[in-house]
Protein chains: 2
Amino acid sequence: MADATISGRAADAVVEEIEREIVSGDLASGRLLPPERDLVARFGISRAAVREVIVTLTNKGLLESKPRHRPVVRKPGFDTAFSALGGIVTHLLKQDGGVKTLFDVRIFLEAALVRHAALSARKEDIAALRAALERNRAAIEDPVLFDNTDVAFHAVFYTIPGNPVFPAVHQAFVHWLYDHWQSMRRSPEQNLVYHAGHRDIFEAVRDRDPEAAEQALSAHLSEAWATVKETFEDGATGGDTNRGA
Amino acid sequence: MADATISGRAADAVVEEIEREIVSGDLASGRLLPPERDLVARFGISRAAVREVIVTLTNKGLLESKPRHRPVVRKPGFDTAFSALGGIVTHLLKQDGGVKTLFDVRIFLEAALVRHAALSARKEDIAALRAALERNRAAIEDPVLFDNTDVAFHAVFYTIPGNPVFPAVHQAFVHWLYDHWQSMRRSPEQNLVYHAGHRDIFEAVRDRDPEAAEQALSAHLSEAWATVKETFEDGATGGDTNRGA
DNA sequence: AATTGAATTCTGGTCGACCAAACTGGTCAG
DNA sequence: CTGACCAGTTTGGTCGACCAGAATTCAATT
C-alpha cells in the first residue's frame, strides 16, 4: 500500500526502516536526523539514495527539512497528515469549482459539528464558546484581530468532540481557504454581520437547539461564501461544482 | 506551502513548473513524463535534481512512478489527495487509540451524511440505496461479496451530496480500515445483523426521518466497532507492544 | 576572562559518469 | 509471410566526487 508505494527502489527499504524508527520513538520528535553520510554507512546505500529517502519522508511529513540544514524529525500527528495534503489541494483549489467544493465540505462538516455541540457540549465547552464570542465581539474594529478571533470561534466547535482529527481538519481548512478568505478585507460593518452570525450560533448551542444551531451556522457560512466568492469570480468558469463523480 | 516547506533547492522551481504543467493540462493525465534527460536539458539542472523532482511529485501524487518505467502523469483529484495521506495515517493507526479515533470520525461523518440523505436524497438516490441494500441482502451467504456490497451500500451516502470530496473520504476510510475490518466479519449470522442495520438505515432515510436514520447509522457502526475492536484488543490499549513487522 | 572573528571541519546540494533493465528495430529461421 | 531471437539504443537506478553554506573551534584581542 502507501508505504510500498509503487517502488522497488533500494531507497524504499530504508524509508520504511526510518519510518519505523520515528514512529517507535527511537528517533525522537524534534531530534535531528543523522547526517546523510551516517545513513549511507549504516544502510550501505549511496548518498543519492539516502537523499531520496529524505525527500520522501519530508513529503510524507515525517521530517521537516529546511534548505541547508539537517532534517528535523517530526512524529506524525493528524495535523501533520493534513499538511501533507497541502500541495495537492492547493492545486485542486485552482481547478474549476475547487474552492466551492471545499467550502461546501466545510459547511457540511461544521454544520454537523455545531449540531453535535448543541446536543452534547459540556459546560466548559459552552464557556469556551462564550469567551471566544466575546473576544470576537471586542475585535470588531480590528481587521486582523477579528480574523483571528473569527477562526478561533469556529475552532472551538472542532475541539468539542474531543477527537484530534477535527482540529486538524479545521487547521487544514483555514490554511487552504485563508488566501481567498483574506482577499476580501473585512470592514467593521461586515464584521458586525459576521459577529452576529457567531452570536446566533452560540445562542442556539447554548439553548441546546440543534436545528437552530445548524441553521444559523449554515446561514453564517453561506453568507461568508457569498462574499468570498466575489473575490475570485471575475469571470469564472461558471461550472458549479457539484455532480462530479 | 508544501512548496516552501522544503524549498531552497534548485529542484523546487522545477517542481512548481511541472506541477503547473500537469494542472494546466499541458501534460495530460495518463501521458508519460518526458525522459529525465530531456528535463535535464530543458531546465538546465542535473539529473539528480530532476530525479528529486520526480520523487517529490510522485509523493505528492501527481506522478505515478513504477520501478523501472517512465513516470505516468496523474492529474490530481481529491482521491489522489487522500491517497497521499495513506503513509502517515497508516502509522497513526498503529499508535494507541488510532483506529478508534478514525472510526469515530467515520461514525460522526457518516451520521451527518445519513441525516443529510434523509433530508435531501432525491428519488434516484433512494433507488440507489434500495438497490445497494438488495445486493447486500443477496450476498449474506457470501463473505467476500457481502463485504463488497457492504462497502458499496455505505458508499452511496457519500455520493448523495454530490461533492467529490466525500467519495474520496469514503475511499480513504475503506482503505485505512480495511485490514481491521477484514480481520473478522465472516459469518452469515453476523452478516444478517449487519444487513439488518443497513435496512434500518435505509428505511429511515426512505421515510425521511433524519433522527431515526442517524440513530440507526450510529447503532450500526457502533455495533460494527464493537466487533472489530476485539480483533486487535487481545492485549490492549496500554502498552504499545511491538516492533515487528 | 570574555568576546569576536577567522580557519577548519562538517554537512547538505549539485553534478557527471557508470550500470542494468526495458524498448526498438531488424534479421533469420520456420 | 510470420514470429522469435538478438543487438543496439534508450532510459531509469546507483554511485562517488566536488562545491558551497553552516556550525564549530580556537586563538588573538580587548
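Per chain, numbering begins at 1; letters A, B, ... match sequence-line order.
- Between A:Arg68 atom CZ and D:dA23 atom C1' the separation is 13 Å, expressed in whole Å.
- The B:Pro71 side chain lies nearest to D:dG12 when the options are D:dG12, C:dC15, C:dT11.
- A:His69 has a side-chain polar atom (N or O) that falls below the 4.0 Å cut-off from OP1 or OP2 of D:dA23.
- For C:dG16, the base has no donor-acceptor partner in the side chain of B:Arg47 [N/O atoms by modelled type, under 3.5 angstrom].
- The ring-ring contact (aromatic ring centres under 6.0 Å, His included) check on B:His170 picks up B:Tyr158, with sequence neighbours excluded.
- By the ring-ring contact (aromatic ring centres under 6.0 Å, His included) test, A:Phe153 pairs with A:Phe157, A:His198, sequence neighbours left out.
- Between A:Asn136 and A:Asp150 the shortest heavy-atom distance is ND2-N, 3.6 Å.
- Rounded to an integer number of Å, the gap from NZ of B:Lys66 to C1' of D:dG12 is 14 Å.
- For the contact set between residues 27-43 of chain B and DNA chain C, defined by any heavy atom under 4.0 Å, the members are B:Arg37.
- Using a 4.0 Å cut-off, no side-chain N or O of A:Ser46 falls inside it from OP1 or OP2 of D:dT14.
- Listed by chain and number, the residues in a side chain to side chain contact (heavy atoms under 4.5 Å, CB included) with B:Val105 are A:Asn163, A:Val165, A:Phe166, B:Phe173 (sequence neighbours excluded).
- Shown here are the side chain to side chain contact (heavy atoms under 4.5 Å, CB included) partners of A:Pro164, two or more places apart in sequence or in another chain: A:Phe78, B:Thr101.
- Annotation: side chain to side chain contact (heavy atoms under 4.5 Å, CB included) contacts of B:Val14 (sequence neighbours excluded): B:Ile18, B:Phe43, B:Ile45, B:Val53.
- Per the geometry, CD belonging to A:Glu52 stands 7 Å off P belonging to D:dT14, to the nearest Å.
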